Amino acid sequence: MIPPEPPQPQLQPPPPPAPPNHVVTTIENLPAEGSGCVSLSTSSRAGMRQRIRKVLNREMLISVALGQVLSLLVCGIGLTSKYLAEDFHANTPVFQSFLNYILLFLVYTTTLAVRQGEENLLAILRRRWWKYMILGFIDLEANYLVVKAYQYTTLTSVQLLDCFVIPVVILLSWFFLLIRYKAVHFIGIVVCILGMGCMVGADVLVGRHQGAGENKLVGDLLVLGGATLYGISNVWEESIIRTLSRVEFLGMIGLFGAFFSGIQLAIMEHKELLKVPWDWQIGLLYVGFSACMFGLYSFMPVVIKKTSATSVNLSLLTADLYSLFCGLFLFHYKFSGLYLLSFFTILIGLVLYSSTSTYIAQDPRVYKQFRNPSGPVSDLPSTAQVEPSVTYTSLGQETEEEPHVRVA
């Protein structure tokens, strides 16, 4: 018997050739609709957040906050002066300055007197007495002229013309301290001044009391003169505290300020002082004024050294707004939304100004080379192998795009 043949295996047809790789497409490989736009917008948001963090850094926020502390002290000075002048008819601006200079003398001048060596009071007087004598006189008259201007011109004129201190400080810092600014600094300054103009416009719209304004030309000239002297005093102060010391500046201002204000008080204001109806309320107001003034003078060099004289004067623009906010409750001023707009506009300008650093060109020729690094340097002295140093001075923390520049 013949065994059956085993079944033949069925041959499977060969699989069809796979399509080329560039044609193979599966659902998993298909890009989600709009995923490119999503990733792009996410990266844009991340970049925006990073830029905001670089601008709103800790150092910049501290600088703005310190300036507002000074502004609050100026607000306290204005409120106590208003109560003294309007409620008690005590028009004694020189006497009020004299009290402040006496406090500075008792605290800082006596500190210099007990020091030894080159930082002793007598050693400083032997070397720089005439400089501090001029500075003390300038500081006293700056305060006196602005306060005196209120008797002749309107509040609006004083507020607007007092901003003249800002260009004075910028020009003096440029030529004497060799501080160089960038476009963002000028944008911040313009925004701050716009905010100040908004506040003045609000004063006019709500009908805030503007003062007599009997001789506006004289009053306006007094404000401009006081603002100019303020600018000179602030830039000179910045130069002293950066090269010498804060205690030396305050001690010498206390010495010569008390000397000149005492003479001016005896000549011009002794009759007004005798008319003051003394009681405990007036005494308390004088104490409050002197405390705010002493705090302002003591703290301002700290803020100027950390920022600059320009930044401090921009910060002080909000002092009038703090006085207005207090006046809503104390003097029943009318409120306007423009006051809030003005306040936040000034703060935005301060943030813009403080968002990047100025720098100090120790030689003006270095500034040209800094702006044009590929340019020739043949105008430098033959003894110099490379340029003198250019150093940033920070109004905020430098970012990665703005490193310190120091050419050895």
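No experiment lies behind these values; they were computed from the predicted model shown.
Judged by distance alone, with hydrogens and angles left aside, the side-chain atoms of Arg242 form a donor-acceptor pair with the main-chain N or O of Ile304 at under 3.5 Å. Checked by atom type and distance alone, the side chain of His185 never pairs as donor or acceptor with a backbone atom of Arg180 at under 3.5 Å. When atom types are taken as modelled, the side chain of Ser97 and the backbone of Leu140 share no donor-acceptor pair closer than 3.5 angstrom. When atom types are taken as modelled, the side chain of Asn234 and the backbone of Ala309 share no donor-acceptor pair closer than 3.5 angstrom. Looking only at distances, no side-chain donor or acceptor of Ser342 sits under 3.5 Å from a matching main-chain atom of Leu338. In this structure, Ser81 contributes its side chain and Ile77 its backbone to a donor-acceptor pair below 3.5 Å. Ser245 contributes no side-chain N or O that, together with a main-chain N or O of Ile241, makes up a donor-acceptor pair within less than 3.5 Å. Distance alone, capped at 3.5 Å, is enough to place a donor-acceptor pair between the Arg127 side chain and the Glu118 backbone. Checking side-chain atoms of Glu269 against main-chain N and O of Phe95 turns up a donor-acceptor pair under 3.5 Å. Judged purely by atom type and a 3.5 angstrom limit, Ser233 has no side-chain atom pairing as donor or acceptor with the backbone of Leu229.
At least one side-chain heavy atom of Leu70 sits under 4.5 Å from a side-chain heavy atom of Met300. Taking the side chain as every heavy atom from C-beta outward, Ser239 and Leu177 approach each other to under 4.5 Å. In this structure, the side chains of His270 and Leu265 stay at 4.5 Å or more apart for every pair of heavy atoms. Residues Thr307 and Leu66 form no side-chain contact, since every pair of their non-hydrogen atoms from C-beta on lies 4.5 Å or further apart. No side-chain heavy atom of Thr345 sits less than 4.5 Å from a side-chain heavy atom of Ile348. Within the 4.5 Å cutoff, no side-chain heavy atoms of Trp236 are placed close to those of Phe249.
In this view, Phe105 and Thr109, Leu255 satisfy the side chain to side chain contact (heavy atoms under 4.5 Å, CB included) rule, not counting sequence neighbours. Remark: Asn143 engages Tyr230, Tyr297 in a side-chain hydrogen bond (donor to acceptor under 3.5 Å, both in side chains) (not counting sequence neighbours). Scanning for ring pair (Phe, Tyr, Trp, His ring centres under 6.0 Å) contacts around Phe289 gives an empty result, with sequence neighbours left out.
By the 6.0 Å contact criterion, CZ on Phe137 is open, its count of non-hydrogen atoms from other residues, nucleotides or ligands being 12 or less. Within a 6.0 Å radius of CZ in Phe176, no more than 12 heavy atoms belonging to other residues, nucleotides or ligands are found. Within 6.0 Å of the CZ atom in Phe325, the count of heavy atoms belonging to other residues, nucleotides or ligands exceeds 12.
Judged by distance alone, the side chains of Thr318 and Ser71 do bring a donor and an acceptor atom under 3.5 Å apart. Donor-acceptor pairing under 3.5 Å is recorded for the side chains of Glu248 and Tyr132. Side-chain contact check for Tyr83 and Gln281: no donor-acceptor pair (N or O, by modelled atom type) lies under 3.5 Å.
Among all heavy-atom pairs drawn from Gln116 and Val114, the shortest one is NE2-O, 3.6 Å. Scanning all heavy atoms of the two residues, the minimum distance from Ser63 to Lys306 falls at OG-CE, 4.4 Å. Here the closest heavy-atom approach between residue Val165 and residue Ala227 is recorded as CG2-O, 3.5 Å. Of all heavy-atom pairs spanning Phe256 and Trp129, the tightest one is CZ-O, 3.7 Å. Contact between Ser298 and Tyr108 at its shortest, heavy atoms only, is OG-OH, 3.0 Å. Residues Gln68 and Ser315 share a closest heavy-atom pair of NE2-O, 3.7 Å.
Summarising the geometry, atom CG belonging to Leu84 is positioned 5.5 Å from atom CD belonging to Gln96; distances are rounded to the nearest 0.5 Å. Rounding to the nearest 0.5 angstrom, the gap separating the SG atom in Cys326 from the NZ atom in Lys82 is 12.5 Å. Taken from CG in Leu121 to CZ in Arg126, the straight-line distance is 10.0 Å, to the nearest 0.5 Å. In this structure, CD1 on Ile232 lies 10.0 Å from CG on Leu135, to the nearest 0.5 angstrom.
Residues Trp278 and Tyr286 bring their aromatic ring centres within 6.0 Å. Between Tyr101 and Phe260, the distance separating the two ring centers is not shorter than 6.0 angstrom.
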Next item on the list: Any chance you could lay out the side-chain contact (heavy atoms from CB on, under 4.5 Å) test for Leu112 and Glu119, step after step, and finish with the verdict?
Entry: CA-CA 7 Å; Leu112 293 176; Glu119 295 183 349; 5.5 Å; no
Margin query: Pair Arg115, Val247 - check side-chain contact (heavy atoms from CB on, under 4.5 Å), show working.
Written below: CA-CA 11 Å; Arg115 285 184 172 180; Val247 175; 3.9 Å; yes
Next item on the list: Would you please test Leu350 and Leu347 for side-chain contact (heavy atoms from CB on, under 4.5 Å) and show each step?
Entry: CA-CA 5 Å; Leu350 286 171; Leu347 288 183; 4.1 Å; yes
Note to self: With side-chain contact (heavy atoms from CB on, under 4.5 Å) as the criterion, how do Tyr144 and Ser261 come out once you've worked through the C-alpha distance, each side chain's angles and the decisive distance to 0.1 Å?
What the structure shows: CA-CA 10 Å; Tyr144 177 75; Ser261 61; over 6 Å; no
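For the pair Lys305 and Glu238, the salt-bridge criterion is not met [side-chain N within less than 4.0 Å of a carboxylate O].
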